[in-house]
Amino acid sequence: MKAPAVARLDIRPFDIPLNEPFAIAGGAKTEAKNILVRAELSDGTLGWGEGAPSINDGSREKLMPAAKKVFPKILGRPIASWRALLEDLDQALGPGTGPAKAAVGMALLDAWTRRLKIPLSTFFGGAQSRVYTDVTVTLAPPEASARSARRIIALGVKVIKIKVGGDMDQDEARVRAVHGAGKGLKLMLDANCGYSARQSLQFLARLKKRGITPVLFEQPAPKGDWRGLKDVLARGGVPVAADESVQGPKDMIAAAALKAVSVVNIKLMKSGFAEGLDIARIAKSAGIGLMIGGMVESPLAMGAGAHFAAGLGGFSFIDLDTPLWFSRNPMRGLLLGRGGLYDLAPVKAGIGVFPKPELLALFHRRGARA
Ligand SMILES: [Mg+2]
C-alpha cells in the first residue's frame, strides 16, 4: 500500500456552553472554547482533532495562529512517518502549546487509522477495548455536590473525583456530602495545586477522622514542589498523582527519579501524542501508575484519550468525563455510556467520532464529508 501524504490541514474555533460551570481551584469555565482541526490525506481520507485550552492559562487566541504557522512543516509529507511528523510538530510549536499539538496530532492519527481501517486503540497497542471513566464533582457548595453525586451514582458510576484545594472546611463538607450520597463509592481528590503539601496532609487527616480514605490524591502540592508531593506520598497513606507537575517527558523523568508520586495523570492537551507516549513509557518503566485525564473536551478529544489509554493498557485511573458538561453534543459516534463506559469495540476505524453539521459548516467547504 502506498502511504498517502498529508494534503490539507484546516483549523477552526468552536464554542459550546456548559450545563453548569466546571470549577476548580484557580478558576471556572462556563463555556468550552475549543479548536477543531481537519486533516485531509492525498487519497481523500479525513481525520478530526480537537484542542481544549486549560481552565487557568489556556488562550485559544495564541494557539490558533501557532498551529497554522506549523502546517507548512507537515503538508506534503507521508503520513506513514507519523512519529517524525508529530515530533517535528512538537518541536515547532514549543512549550505551552499542548492543545494545538494534541489537536493537530489527533487529526493526523485519526486520518491515518481511518486509512489503515483500524481503531485508534489498535494503533496504540490494542490492549483493551473498553475503559470506564470516573465522574467529577467540581468546586461547589456541599448540598450541590451531594446532588451532583446522586446524579453520578444514577449513571451507574462508582468512582467520583472531587475537586478540592479551596477553603478546607468547605472542601471537607463537600467530600463528606459526596461520601454520604451512596455506598461503595471510590473517591478521588484533586487539589489542582490549591493546597500546600502540609494542608493536603492536614486534609487527609481530617477525612480519616470521618472514616474517609480516598483512592487517589491528585496534585496535592504546587506545581514545582516535588518535595511536597513526595511528603504527601510518604505520610498521607494514599496514592499520589502528579498532574500539573508533569507537563512533558522531562518532568516525568524528574518525578520518577525523585520517587515523588505513585501515579501520573497524562493529558493529551498537556503533551500531545508523541510526548504522551514517552511519558507513559517512562512511567511504566519506573513502576509509576497511569492515569488519563483531559481539559474540558467534547467526545472527540475524550474519545481519543479513551483509545490512547485502552490501546496502551495499564491505566488504573480514567478521567474522561467532560462531555457530560456540554449543553449539547457537537459530535456524533462514540459516546460516554452507562457506568462511565467508553466501549471502543464497535469503532471500525480511527477515533469513531465525527463533527455534526454545525461544526462541519465552519469549514465552509461544499461537500465536506465526515
Ligand atoms: Mg488534575
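All residue numbers refer to positions in the sequence shown, counting from 1. Heavy atoms only: backbone and side chains are in, while hydrogens, waters and symmetry mates are out. Both counts, for ligands and for their atoms, begin at 1 and track the order of listing.
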Is a side-chain donor or acceptor of Tyr342 paired with a backbone partner of Ser129 at a separation under 3.5 angstrom? no
N-O pairing of Lys270 and Glu244 below 4.0 Å: no
Does Arg60 reach the main-chain N or O of Phe14 with its side chain, forming a donor-acceptor pair under 3.5 Å? yes
Under the criterion side-chain hydrogen bond (donor to acceptor under 3.5 Å, both in side chains), which of Thr136, Thr138, Asn192 is the partner of Lys163? Asn192
Test your reading of the model: is there a side-chain donor-acceptor pair from Glu275 to the backbone of Asp90, 3.5 Å cut-off? no
Within a strict 2.8 Å cut-off of the Mg ion (ligand 1), protein N/O/S atoms tallied 3
Backbone N or O of Gly166 within a donor-acceptor pair of the Asp171 side chain at under 3.5 Å? yes
